[in-house]
Amino acid sequence: MGRWNKVCVVGLGYIGLPTASILATKGYQVLGVDIAERTVEMINKGKIHIVEPDLDILVKSAVNSGNLRASLVPDKADVFIIAVPTPFKDSYKPDLSYVESATSAITPYLGEGNLVILESTSPVGTTDKVYLQILESRSELKGKIFIAHCPERVLPGQILKELVNNDRIIGGVDSRSAEEAKAFYETFVNGEIYTTNAKTAELTKLAENSFRDVNIAFANELSIICHELGINVWEVIKLANKHPRVNILQPGPGVGGHCIAVDPWFIVNAAPNHARLIRTARHVNDSKPAHIVERVKEKASRFKEPIIACLGLSFKADIDDLRESPAVEIVKMLANDNVGKLLVAEPHVKKLPDSLAKFAEIELTEFNDALHRADIVLLLVNHRAFKDVDRDLIKGKIVIDTRGMW
Ligand code: SAJ
């Protein structure tokens with residue numbers, strides 16, 4: 001632990017809560033801060049508000065040890081970690097309001113020698129802005145605090161493992177900030193830690209997610225081409241990937257989540273005339289749900305009153321996160337277009353999101369019930385729970401498997 005004892009983590013979501021809990025189990029005194037009262041209350045009871053493997057056990061033990069406490073307001077600490085959302089607003093412009101309010105919230109509590117880390121994925125220049133915002137009201141801290149960007153890199157579903165084992169990139173607003181942040185991360189990260197300047201770290205993180213988006217777009221485009229040509233895309237990919245330098249990703253119903261579907265826009269926004277491939281990849285992936293809806297409609301037109309089982313709502317397998325989920329979008333489009341009765345099975349949620357609950361033709365039900373009653377089975381998410389399907393239940397039905405799981 002060295003020279004740090006108290007850590008204040010602002011934002012107790014998919015990144016902040018696991019980070020706060022791991023730090024607490026390493027012996028730090030951690031104060032987790034969130035604007036949602038319910039989140040704060042739940043965490044203080046040792047409970048969690050999100051689904052992530054083993055996180056419940058970790059949070060419980062961190063809270064029981066007395067090292068993790070949640071609050072609506074920050075307090076003095078040695079290290080401040082900002083882990084709040086960075087979505088986009090109209091015309092895909094970055095929305096930095098959460099970073100700005102988190103910065104305002106911690107500024108009064110900052111003291112000489114403190115380390116401030118921005119973990120939220122951010123447009124180029126954000127870390128410098130955080131520093132300037134702090135200095136606006138605390139000019140006496142100029143050159144006396146350390147500020148760095150350490151973009152989170154964890155994969156939902158494997159957060160606890162990746163938080164500790166992934167290599168990390170740290171960009172400081174100056175080199176001493178980068179070194180200070182590196183020394184702090186070395187106390188709980190096993191991966192390599194590479195230092196650079198803040199802007200390079202910001203773009204590196206955006207480049208990672210854009211790289212994945214472009215590659216998924218390639219797979220999605222290929223799947224549309226294969227559908228048109230009547231060729232099995234899964235077989236094409238399997239065979240192409242036998243080449244030693246080819247590794248095509250998996251097509252799906254589209255790209256969801258709050259990262260890959262968002263971050264490339266920060267690059268497009270910063271360099272609109274040059275980010276041509278990155279922008280097109282976003283459009284290809286965003287157009288995939290409509291393509292799936294067309295396929296369903298084509299099949300549904302054979303039935304007078306089609307019943308469609310829509311399997312999965314989350315943005316990817318084995319998580320409960322519905323944010324920017326193509327599956328939700330597809331179900332909504334099917335409902336809007338009155339394609340038929342929609343039986344939704346999503347083992348990770350107890351109720352439909354508001355955007356779907358308003359449609360009378362959508363019903364949340366169990367996996368086997370949906371299969372049993374449906375004419376058309378639309379697999380949207382490759383949840384483990386859907387893997388061992390009872391073949392007898394889908395025999396003779398139209399199956400559209402957007403994930404290639406069956
Ligand atoms: N997807 C496909 N085909 C694939 C892979 C993914 O359609 O072959 C879809 C998924 O179903 C999902 C979306 O893409 O809808 C994104 O899923 P993902 O597993 O690729 O990524 P995320 O959003 O869960 O996490 C990503 C990760 N980034 C990279 O892999 C480069 C993670 O390491 C980041 O920390 C995270 O974004 C983030 O928070 O930025």
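Hydrogens, waters and symmetry mates are skipped; everything else that's a heavy atom, side chains included, is used. For ligands, and for the atoms within them, numbers begin at 1 and follow the listed sequence.
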Sidechain N-carboxylate O distance under 4.0 Å for [X], [Y]:
X: Lys129; Y: Glu100; result: no
X: Glu186; Y: Lys182; result: yes
X: Glu180; Y: Arg3; result: yes

> Between Lys297 and Glu294, does a salt bridge (charged side-chain N to carboxylate O under 4.0 Å, His left out) hold up when you go through it step by step?
Replying inline: CA-CA 5 Å; Lys297 279 184 179 169; Glu294 282 315 307; 3.7 Å; yes
What I want to know is whether [X] and ligand 1 share at least one N or O pair that is separated by under 3.5 angstrom.
X: Ile260; result: no
X: Gly256; result: yes
X: Glu162; result: no

> Given the side-chain rings of His283 and Trp265, with only the six-membered ring counted for Trp, is the space between their centroids under 6.0 Å?
Replying inline: yes
Which residue supplies the protein heavy atom nearest to [atom], what is that atom called, and how far is it?
atom: atom 31 (C) of ligand 1; answer: Asn209 OD1, 3.2 Å
atom: atom 27 (C) of ligand 1; answer: Leu155 CD1, 3.7 Å
atom: atom 5 (C) of ligand 1; answer: Arg212 NH2, 3.3 Å
atom: atom 15 (O) of ligand 1; answer: Phe315 O, 2.7 Å
atom: atom 39 (O) of ligand 1; answer: Glu152 OE2, 2.4 Å
atom: atom 6 (C) of ligand 1; answer: Ile216 CD1, 3.4 Å
atom: atom 11 (O) of ligand 1; answer: Arg403 NH1, 2.7 Å

> Between Lys199 and Asp128, is a salt bridge (charged side-chain N to carboxylate O under 4.0 Å, His left out) present by the stated rule, with each step listed?
Replying inline: CA-CA 8 Å; Lys199 285 196 173 81; Asp128 288 332; 3.4 Å; yes
> Relative to the heavy atoms of Glu208, which atoms of ligand 1 are at a distance of less than 4.0 Å?
Replying inline: 31 (C)
> Looking at Pro156, which atoms of ligand 1 are within less than 4.0 Å of one of its heavy atoms?
Replying inline: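 Atoms satisfying the 4.0 Å criterion: 24 (O), 25 (O).
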Report the part of [X] (side chain from C-beta onward, or backbone N, CA, C, O) that has a heavy atom under 4.0 Å from ligand 1; answer both or neither where that applies.
X: Gln158; result: neither
X: Gln250; result: both
X: Val154; result: backbone

Where the closest heavy atom to [atom] is concerned, which of [options] has it?
atom: atom 38 (C) of ligand 1; options: Ala317, Ser325, Cys259, Ser314; value: Cys259
atom: atom 24 (O) of ligand 1; options: Glu324, Arg323, Lys316; value: Lys316
atom: atom 40 (O) of ligand 1; options: Arg153, Lys205, Glu119; value: Lys205

>> If I compare all heavy atoms of Ala198 with all of Val173, which pair ends up nearest, and what's the gap?
In response: CB-N, 4.3 Å
Would you call the rings of [X] and [Y] parallel, tilted or perpendicular, where under 30° means parallel and over 60° means perpendicular?
X: Phe367; Y: Phe386; value: tilted
X: Trp4; Y: Phe184; value: perpendicular
X: Tyr185; Y: Phe188; value: tilted

>> Do Val389 and Arg391 make a side-chain contact, defined as non-hydrogen atoms from C-beta onward lying under 4.5 Å apart?
In response: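 The answer is yes; the side chains approach within 4.5 Å.
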